[in-house]
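Since the structure comes first, as structure tokens, the remarks are kept for the end.
In what follows, chains carry the letters A, B, and so on, assigned in the order in which the sequence lines appear, proteins first and then strands, with residues in each chain numbered from 1. Side-chain atoms are counted along with the backbone in the values below, which use heavy atoms only and exclude waters and symmetry mates.
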2 protein chains.
Amino acid sequence: MRKQLTEMLKGTLEGIVLAILAKQPAYGYEITAGLRDRGFTDIAEGTVYALLIRIEQRGLVDVEKVPSEKGPPRKVFALNAEGRTYLEEFWRTWDFLAERIADLHEGEK
Amino acid sequence: MRKQLTEMLKGTLEGIVLAILAKQPAYGYEITAGLRDRGFTDIAEGTVYALLIRIEQRGLVDVEKVPSEKGPPRKVFALNAEGRTYLEEFWRTWDFLAERIADLHEGEK
DNA sequence: TACTAGTACATAGTAACGCTGAATAGCCAG
DNA sequence: CTGGCTATTCAGCGTTACTATGTACTAGTA
């Protein structure tokens, strides 16, 4: 199932991370840990960092460097207005897809 | 939303097509039309054909050439046993993802 | 000092997938 | 014979997540 999930995550992982950031600002390491807690046990750190850089460059988040007690300074990401708009759009798209797939799954039986 | 949907379809479109074939065998042109009927209005024909070749090469479908009344012969694809197993796996993976995302969406409010 | 482990971020290279755009080919109506 | 519908194929592209590795800081410990 790993490979199927990998492909499914394309396009959704971004929304997942944005949804996490919608609740409260967070930094990469924290987000990765949060994903693991939510059941996404196999998501590599590198994947998350690359994604964060992407959404930062798109202007969906604001970034602030915060010193850490242990280790390098944290880059704390906060969803901004543009990011919120984008996230709403994500939910609309997701709902559209999930609904159609649910229909298919129903009709199968 | 188009671009978001494109990315989301990665990994799911394959399952969608397999689910369609689970109901009854079909050929490419027919499947594309069926997708449009189901609300996937923007899926290009080329995309579907490429996907069909992929699942054929993976041995998930059996293929039969059937002459058409109008136009070139049809390649009719039928889900085989292996394809059915793969489809079940797809549903499990999808349910896993959809559930976790639903949690996120709930928690957001 | 040297080591280990945990925290925290970054990146080059790869594979997979869906999209774009075009080509090919058969059939039929005007 | 031209346009439109049926039907398939393919080369090239952009985006995304994964792999694997590297850097850097702190704290504990032998």
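- For B/Y27, the side chain to side chain donor-acceptor pair (under 3.5 Å) partners are B/R74, not counting sequence neighbours.
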Would A/L97 and A/T93 count as a side chain to side chain contact (heavy atoms under 4.5 Å, CB included) if you check the C-alpha gap in whole Å, the side-chain angles of each, and the deciding distance to 0.1 Å?
CA-CA 6 Å; A/L97 180 62; A/T93 308; 5.8 Å; no
Worked verdict on A/L9 versus A/F40 for side chain to side chain contact (heavy atoms under 4.5 Å, CB included):
CA-CA 10 Å; A/L9 281 174; A/F40 299 105; 4.2 Å; yes
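- Between A/Y27 and C/dA8, a side-chain N or O to OP1/OP2 separation shorter than 4.0 Å is present.
- Across every non-hydrogen atom of A/I31 and A/A26, the tightest pair is CG1-CB, 3.8 Å.
- Partners of A/Y49 under the side chain to side chain donor-acceptor pair (under 3.5 Å) rule, at least two apart in sequence or in another chain, do not exist in this structure.
- One distance of note links CZ of B/R100 with CG of B/D95; it measures 10.5 Å at 0.5 Å rounding.
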A/T12 and B/E7: side chain to side chain contact (heavy atoms under 4.5 Å, CB included), yes or no, with the steps?
CA-CA 8 Å; A/T12 55; B/E7 291 306 320; over 6 Å; no
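- Helix-axis bend for the helix from C/dT1-D/dA30 to C/dG30-D/dC1: the local axis fitted to the five terminal pairs at one end deviates from that at the other end by 10°, rounded to 10°.
- Contacts of residues 34-42 of chain B with DNA chain D (heavy atom under 4.0 Å): none.
- Of all nucleotides in DNA chain D, those with any atom nearer than 4.0 Å to a heavy atom of chain B start and finish, going 5' to 3', at D/dT6 to D/dT16.
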Report the C-alpha separation of A/I20 and A/L35 in whole Å, then their side-chain angles, then the decisive distance to 0.1 Å, and conclude whether the side chain to side chain contact (heavy atoms under 4.5 Å, CB included) test is met.
CA-CA 9 Å; A/I20 290 174; A/L35 287 170; 3.8 Å; yes
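- Distance alone, capped at 3.5 Å, is enough to place a donor-acceptor pair between the A/R84 side chain and the A/L79 backbone.
- Here the side chain of A/D62 pairs no donor or acceptor atom with the backbone of A/F77 at under 3.5 angstrom.
- The distance between atom OH of A/Y49 and atom P of C/dT7, rounded to the nearest whole Å, is 11 Å.
- Atom CD of B/Q57 is separated from atom C1' of C/dC17 by 14 Å (rounded to the nearest Å).
- Per the geometry, CZ belonging to A/R54 stands 17 Å off P belonging to C/dC9, to the nearest Å.
- Going from atom CZ of B/F90 over to atom P of C/dA16 covers 18 Å, rounded to whole Å.
- One interatomic measurement links the two molecules: CZ of B/R58 to C1' of C/dA15, which rounds to 12 Å at whole-angstrom precision.
- A/E56 places its CD atom 12 Å from the C1' atom of C/dA10, with the value rounded to the nearest Å.
- In this entry the distance linking CZ of A/R2 with C1' of C/dA15 reads 17 Å, nearest Å.
- No path of Ile, Leu, Val, Met, Phe, Trp and Tyr side chains, each step under 4.5 Å between heavy atoms, connects A/I16 with A/I53, placing them in separate hydrophobic clusters.
- Of the residues in residues 7-16 of chain B, those with a non-hydrogen atom less than 4.0 angstrom from any atom of DNA chain C are B/L9, B/K10, B/G11, B/L13, B/E14.
- Residue-to-nucleotide proximity on DNA chain D shows that, of B/I53 and B/R74, the 5′-proximal contact is made by B/R74.
- Among the protein residues, B/G28 comes within range of the sugar-phosphate backbone only, with heavy atoms under 4.0 Å from sugar or phosphate atoms but none that close to a base.
- A donor-acceptor contact shorter than 3.5 Å is absent between the side chain of A/E64 and the backbone of A/V76.
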How does protein contact run along nucleotides 23-30 of chain C, one letter per nucleotide 5' to 3', with B for base contact, S for sugar-phosphate only, - for none, heavy atoms under 4.0 Å?
--BBS---
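- With sequence neighbours excluded, the residues satisfying salt bridge (charged side-chain N to carboxylate O under 4.0 Å, His left out) with A/R58 are A/E14.
- Remark: A/E56 engages A/K75 in a salt bridge, criterion side-chain N to carboxylate O under 4.0 Å.
- In this structure B/E99 satisfies the side chain to side chain donor-acceptor pair (under 3.5 Å) test with no other residue, sequence neighbours excluded.
- Shown here are the side chain to side chain donor-acceptor pair (under 3.5 Å) partners of A/E30, two or more places apart in sequence or in another chain: there are none.
- Summary of the strand contacts: B/V48 and A/K75 both lie near DNA chain C, and taking for each the nucleotide with the nearest heavy atom, the more 5' one is attributed to A/K75.
- A/G28 and A/V48 make their closest contact through O-CG1, 4.2 Å (heavy atoms, listed as atom of the first residue, atom of the second, distance).
- Residue A/A50 has its side chain nearest to C/dT11 when only C/dC9, C/dC19, C/dT11 are considered.
- Regarding A/L5, its CG atom lies at a distance of 16 Å from the P atom of C/dA16, rounded to whole Å.
- The stretch residues 59-66 of chain A does not touch DNA chain C, since none of its heavy atoms comes less than 4.0 Å from the strand.
- Sorted by first and then second residue, the side-chain hydrogen bond (donor to acceptor under 3.5 Å, both in side chains) pairs involving residues 32-48 of chain A (not counting sequence neighbours) are A/R2-A/D42.
- Ring pair B/W94/A/W94 is parallel by interplanar angle, where below 30° counts as parallel and above 60° as perpendicular.
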